[in-house]
Each structure stands twice: as structure tokens, then as C-alpha cells.
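The next block holds one structure in the form of C-alpha cells; read it before the comments.
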Amino acid sequence: MDIKLSKGADIKIKGIADRVYANIPQSDFCALKPTDFHLLTPKLQVKVGDRVDAGDVVFYDKNCDAIKFTSPVSGVVHDIVRGEKRKILEIIISADQEIKYKNFEKRDLASLDRQSIIDDLLVSGLWPLIRQRPFATIANPQDMPKSIFISGFDSSPLAPDNDFVFHGDTDLFQLGLDIVTQLTDGTTHLNLDGNSNAAKVFNNAKGVQINHIYGPHPAGNVGVQIHHIDPINKGDVVWYLAPQDIVSIARFFRDAKYDRSRIVVLSGSMVKKPRYCRVMQGMSISNMIQDNLIEGDKRFISGNVLTGTRIQKDGYLGFYDFQLSIIPEGNYSEFFGWLLPGFSKYSLSRTFFSWLSSTKEYDLDSNTHGEERAYVVTGQYESYMPIDVFPVQLIKAILIEDIELMEHLGIYEVDSEDFALCEFACTSKIPVQSIIRRGLDLIKKECS
Amino acid sequence: MHNILRKIKPHFEEGGRLHTLYPAYDAFETFLFVPNHTSNRGTHIKDSVDLKRTMVLVIIALLPCLLFGMWNTGYQYHSQLTSGMDGYQEVYSIFDHFLFGLWKVLPLIIVSYVVGLGIEFAFAVQRKHQVNEGYLVTGMLIPLTMPIDVPLWMLALSVIFAVVIGKEVFGGTGMNIVNPALTARAFIFFAYPTKMSGDKVWVHSADSIDGISGETALGQLASLVNVNPLNTEVINKSKEFLGDGLYSLSNSFFGIIPGSIGETSVIAILIGALILLFTGIGSFRIMASMFVGGLSMAYIFNWVAPDTNLFMSLDPLHQLCIGSFLFGMVFMATDPVSAAQTNRGKIIYGFLCGVLSIMIRVFNPAYPEGVMVAILFMNIMAPLIDHYVVQANINRRLKRIKVNE
């Protein structure tokens, strides 16, 4: 299936990574962050000082005991960081130099059935890799999804190039697909970037429906793809996961060990040599950034610059993130900045003279370029929303907490990331993504 | 400069003596400096555009109208003063026209801004929110829609009415239902009709100096309804719309006719429209559909016009060039807050604005400018249009479920 999208935009930001691997020594610390998972109430299974192997349970979902979260490294629980109301923010594990893996039972790959796959994924701690729409939460193992979506490319700014990342992983990826496709009685969709050549690994994939998506960001968002290929109605469930996670699952079934090493891209204009590295999930970023940063105030983001999470310079990569973005912190004031011609001020609109050089890449920082205001300029969100959802009306429905109206306007089809470009472009600097998340959380709470 | 601001800042912050005035301080500081705020949630990078930038671009788009309006104010006065006096026409230069206009228009602008921003600041302080930039544009639009001799106190009163009743009672910028600038004009029109209509107000001193006529093209046309087309007076009047008459197509296009300060020149309005469309601030959908709406209505009238109604039989393009149709189309109907908000809604909204403008103008000769009322009416109708457009989206989604079942 070919999908052509015209709405959206590719942000021209500096700092795209070279297609080179850097060798990164393993960091001393690794963390699991329950905050990576929407609406999760974690129940701890370890305390400070306990020893864990890679694959041992660290905490589980209080509302669904079966969903477990396991340690990607072996070592000792170093600290449990809590926030307001004793909410658990991070479980920090000091990692051994040599990782000791817990031994799981080895399965005969030919005789796997749906239930045994689910059981194994739950026990190993790989289950949380599978998320569901609506709500973008961890999938419920009791559900039968009507289809499974894998977005083979990431269209967000400075995202990793999967053509490079997946070079040579053909067998493992196909094995992962063979396992994942058994989770649904519907179709599994593998969606590829129509604008550029996809990796061979993807083009040769069997047992899945391959779709080509043409257009600018957010074409790579799974929500956009679901909407155009197999839209979600009230009551439907669709599962989705990232291509690298397919490889993680395949590796588990092949080797019977919880190996969460993954390829992460280090990008952004504050990185001297932006490049790719293989690190363990949840690792501290301190080794990745060592001796590779430019002087100045920096912002460290686990994920991309539109949807990622702000972390400290010794923070940890998020569970679903394959990208570390480092951009300048924009904590400066600008004299009459709103009045100047603005030859070097990036804008998707043509309100600054930067439209003269439309192909230039910009060194974008975290300055908000103005204060939050009432919503005034209409028609803006609509040009960055390739889903047939009325963004402004949906946001208003969320603000007045009218659940029926939210449902009618299609909230089940979206996640906050689909609104990231709207938030970027918004003249009034309205926090669109957090409003959408609030609406999803509200419905989830009211309906469960 | 920044150091001074930083020094006095503590007085306005929590616990400072002047804390209640913080919104005023904040407005002033952010006017001078784009603040050093960094994003804390959501996207880590943001577009450079903000509301200040948007508003200042609309003002830049209004500048051609303003500058031309100043010149035209002087030109209309001087040329009528010296009409019939051979050799005296050249006494006044372009600069004389312009300076005269500047002298007349500037007080209107100052009053509009001082009164309007004063109220905005007062409301911001009282409600403890930031000062929104919306009034920067409204404050410029209001004087441009006024006749030159409007008394300043009347202007001030209409500004107060527009800002308080038109905007703040609904919650301020972004919440208003009707366009505040048009509210001001409507207020003064209905409260003080003698100062806002008729043939004595559109050129400076027309009411006091004999021989200066302040008649607008529309006023003139309104007197050409239900007339005997063979009457000499009627023929003379209608000649003004042809060839090199006062209200000829070329004069209307360049804007060398009496009228509200900013509305007369089609060229100046077109420059503004290009700026708004290129930067993406003005809605192309609204402008284009309103133009089409107005033009089709004018063609229909032109087609069915009886001989006795010279207003209806006026050339459709000429019809659109006179009065404030284009000014309203470019700067008033496109106000994003009071217009329809959905893309499809904007097209319907604009088209009906155009149709109604010409219809009211032609069918109600006692009341020769229909654009203001048409846009105000459509402002009120806009949420209804949006409602149906959104409902169509909802129905599409419901239909999808039914197809699946």
C-alpha cells in the first residue's frame, strides 16, 4: 500500500549524525525509569543493595502483575530516586563490567504458539516493548490486537537512519517478525519511507504487509500510519513496536537471554562528532558524551527534540528512545528579537527573512522565542496534522474534559507525539502535547 | 538597558512593593527583549514566531494604507479647497498633503493606542495575566476605519466600548466573538451617525467650509437608486464614475477619493494583502472566497439591474474597488479569532461575507456601507459554520465504524 502525505514538515536542524559507529565503553550505571511508561504504577521487587542479573525482575505493574520490568545489566541496586509523594523516578543499578545473564528456558522456535510467546515475553521483561493504540500505553496481554504496526523509519529531527542501523541483521529481523506476527490474527504492517531507499532487511521481510509512506514528518509516526492504513475505531486495539525491538525479541528467543543492547544515535549541534553507538538500554549517557561535546550551556534530551525527555548530563536513556539529542540551552534574552528582520531565525512560517535561505540547516536551541499566549492564529495546526482529526477542536474538548466529544473527534487515533509539530509551530506557544496526554490519561482513568 | 530592568525587577516580583503591577512590567520587559525562557515540557525547540511578531507584521502590512491615507487626507482637502481656482492646484506639494494628513491622523492613532492599551494593561493587572498583543493591530485598525474629522472623545469612547464590551468581557484576546475594530466602528456609527455617515464627514472641514464635499462614492451611488436615468443631474452624477470623473475606476483603484482614512487605495491594500498572504498570517481561503463572493453578487446585481438603479448596474470590479470592501476583506474578515476556524469553514465564511457585503450595500441605500455589518454578522455566524464542518468530521468517523460492522 502506498500512502502519500502532504501535511507536515521536516525541521532543518543542525547536528545530524555521520554514518559511523563509535566504540563506547560500558557505563558504570544503568537505570530503569517507571516514568517512561504512561499511567504505570510500579511495584518494587528489589531494594537498595540487592544483587540482580540481567533479566531479573526489578519492578512490576501494580495493576497487572504479569507485566514485569527486568534489569538490562547485572549488578547491585545502587539507589532508588523518588520524587513528590514518594513517586519512584529512577531505579539505579551499578553495573558489573562483565554482564552476567539470567538463563531463561530455551524454546523450540518451530513449535512456538501465541500464548507461549506472550508468556515468555512477559517473564523476560520484553513485553513492555509492545505498546498499544489507543493511549500509547504498554499492551494488555489479554487483548487480541486487530493488527500490529512496525514503523520502519523515524522521520523526526536528527533521527537514526534505520538503513544504516539495520545493515546486515536480516536473519534476526526476520526471526523477530515471525514471532511477532503470531501475536495477532490480523495483518502485521511494516511501513517504510517512500522518500528514500529502505534497508534491504526491510524490503526482503516476509510474512508482513509492506507499505510505503511518502511525505514529511510526522510520516514516520505510527499513529499517522495506522490512521491511513487501518484506522482505529472505538473499541479497537492496535499494537506497535520499534524495529530494533523486533531484533531484541528475536535475540531473546534465539539465545534465551535478556540482551538489551541497542544502537543509539548521538546527535545535535552541541556534539563534536555526532555518530552512532551500541549501548545497553537504560545506560547512563556519561560515556557517550565524554570528550565529544562543544563548550556552552547544553540541553540533554533522551529521544528527539520534539518529543524527547529532558535529562541531566549524567542521566539515563529512556526505555523507548534510540536517540540522544544535545542542543544549546537558549537561556538568553534578545533585544527587540520580535522586530528584527531575522535572517537567521528559523521558522516554518515566512514571518522572518530566513525564508530567503530555505535549504540552510539551523542551530536550534531550547529558547521558546516568546511567551505563552491565548490561541489566536488559526489554521496553523491543521497544516502539520496529516491525520483527519481537527486538532484545535480536539484540544478544546480536552480542556473542557468532554469525553464524548473527544471520542467523536478521534482522540483514540492520536498520541501526543502526533501533535509535536503543531506545538513547535504554535505562535501562541501552547503546550499541545501535554494537553493531548492529559485527555488520553483522563479517558483511560474514567473508563477503567 | 537590560541591567536597569533587572535592577527594578525585584520590586515587581512576588513580595515586592509593586507586585500587583507585574503584568505591566512584564509587558514592558518582553516588549524590549524576547525573554530568556526555555521550554520545560513538550518540544524542546520552538518556532521563532510569536504573537508579537505576528502582530507587528500585520501593522507593517497596514502601513501602506496608513501612509496613503495620510496623503489622501491632505490631497482631498487641498484639491477641493482650490478647485475651480486655476493655477492654484500646484500650490500644495505632495509633502504638504502628507504633512497635513499626518497632523490630522496622528492624534487619532495616539488616542486609540493610549486609551486601548491603558484598558488592556488595567485588565491584565486586575486579572493577573500577561498583556496580550492583540490590541496592537486593533489600535491601528480603528483609526483607519474612521472619517478624518471624528472628534477625539468619540474615538476614545468607541475604543473603550470595543475593548471592554467587544473583547474583555469575553476574556480578552483570543476569546472575543466579534472583531473589536469593527465593534468600535459599529458603535460610533450607531451612536453618532451624523459623524459617521452622510456627505459632510469624509473630507476635512467639509461640514464647515462651503464648497468642500465629503461625499463618498457609495453615498453618491446611493442617490442614484430609483431615479430617472435621463435626468441631467443624474447623468452628471453618473459621469463621475466614468472616464476621468472623481470616482472613476482608476481613481478608486489608486484611492484618490474621499472615504475612511485607510480604506480608499486598492493598491495600498493589495500591498498589505501580499504581505499577509506571503507570511501566511492572513488566510488566503478567506480573502479569496470573500472576493469571489463579492464579485459574484456584484455580477448578479449587474445582470438583473433595472435602468433606474445605477448602483446595481455599476461594473462589478468597480463595485469592489469602492467603499471599504477590500479593506474589510484583507484586514477585518481575516481576523483569525472572530472568523471561522476550520479550513472549510473559512471558505464558506469568506464567501458569505462577500455576498452579504454587496447585498447590504446595494439593497439598503440609506446605509451605504455593508461590509462592516456583513463581517460582524458573519463573525457571529462563524461558530455555527464551524460546528457543521466539525460535525461532518465526526460523521465521517461514525460512518467508518458502521462500514466496518
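The chains referred to below are lettered A, B, ... by the order of the sequence lines, with proteins before strands, and numbering in each begins at 1.
- The nearest pair of heavy atoms linking A:Glu423 to B:Gly42 is OE2-CA, 3.2 Å.
- Among A:Glu329, A:Glu372, A:Lys429, A:Lys345, the residue with the largest count of heavy-atom pairs under 4.5 Å with chain B is A:Lys429.
- Put simply, of A:Gln393, A:Gln380, A:Arg310, A:Glu371, the one with the most heavy-atom pairs under 4.5 Å next to chain B is A:Glu371.
- Ranked by heavy-atom pairs under 4.5 Å with chain B, the first of A:Val389, A:Ile13, A:Thr307 is A:Val389.
- Residue A:Ile435: no heavy atom, backbone or side chain, is found under 4.5 Å from chain B.
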Practice task
Output, in order, the C-alpha distance, side-chain angles, deciding distance and verdict of side-chain contact (heavy atoms from CB on, under 4.5 Å) for A:Val377 and B:Ile281.
Solution key: CA-CA 8 Å; A:Val377 183; B:Ile281 292 171; over 6 Å; no
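- To the nearest 0.5 Å, atoms OG (A:Ser366) and NE2 (B:His37) are separated by 12.0 Å.
- Across all their heavy atoms, A:Arg373 and B:Val131 have their closest contact at NH2-O, 3.4 Å.
- Residues of residues 44-52 of chain B placed with any heavy atom under 4.5 Å of a heavy atom in chain A are listed by number as B:His44, B:Ile45, B:Lys46, B:Asp47, B:Ser48, B:Val49, B:Asp50, B:Leu51, B:Lys52.
- Expressed to the nearest 0.5 Å, how far CZ of A:Phe390 lies from CG of B:Asn393 amounts to 4.5 Å.
- Heavy-atom pairs under 4.5 Å with chain B peak, among A:Val392, A:Leu364, A:Leu348, A:Ile301, at A:Ile301.
- Among B:Asn343, B:Thr173, B:Val390, the residue making the largest number of heavy-atom pairs under 4.5 Å with chain A is B:Val390.
- In terms of non-hydrogen atom pairs under 4.5 Å with chain B, the most contact-rich of A:Asp365, A:Leu405, A:Val432 is A:Asp365.
- Here A:Phe352 contributes atom CZ and B:Arg53 contributes atom CZ; the two are 4.0 Å apart, rounded to the nearest 0.5 Å.
- With a threshold of 4.5 angstrom between heavy atoms, B:Arg285 does not approach chain A through any atom at all.
- Here the CD-CD distance, from B:Gln341 to A:Glu382, works out to 8.5 Å after rounding to the nearest 0.5 Å.
- Residue A:Val376 comes nearest to B:Met55 through the heavy atom pair CG1-CE, 4.3 Å, listed as atom of the first residue, atom of the second, then distance.
- Top candidate by heavy-atom pairs under 4.5 Å with chain B, chosen from A:Glu417, A:Arg437, A:Glu413, A:Glu407, is A:Glu413.
- Both the backbone and the side chain of A:Leu339 come within contact range of chain B, judged by heavy atoms closer than 4.5 Å.
- Separation of atoms CZ (B:Arg397) and OH (A:Tyr412) is listed at 12.0 Å; rounding is to 0.5 Å.
- In this structure, CG in B:Leu57 is found 8.5 Å from OG in A:Ser349, a value given to the nearest 0.5 Å.
- Around the OH atom of A:Tyr362, the shell of radius 6.0 Å holds more than 12 heavy atoms that belong to other residues, nucleotides or ligands.
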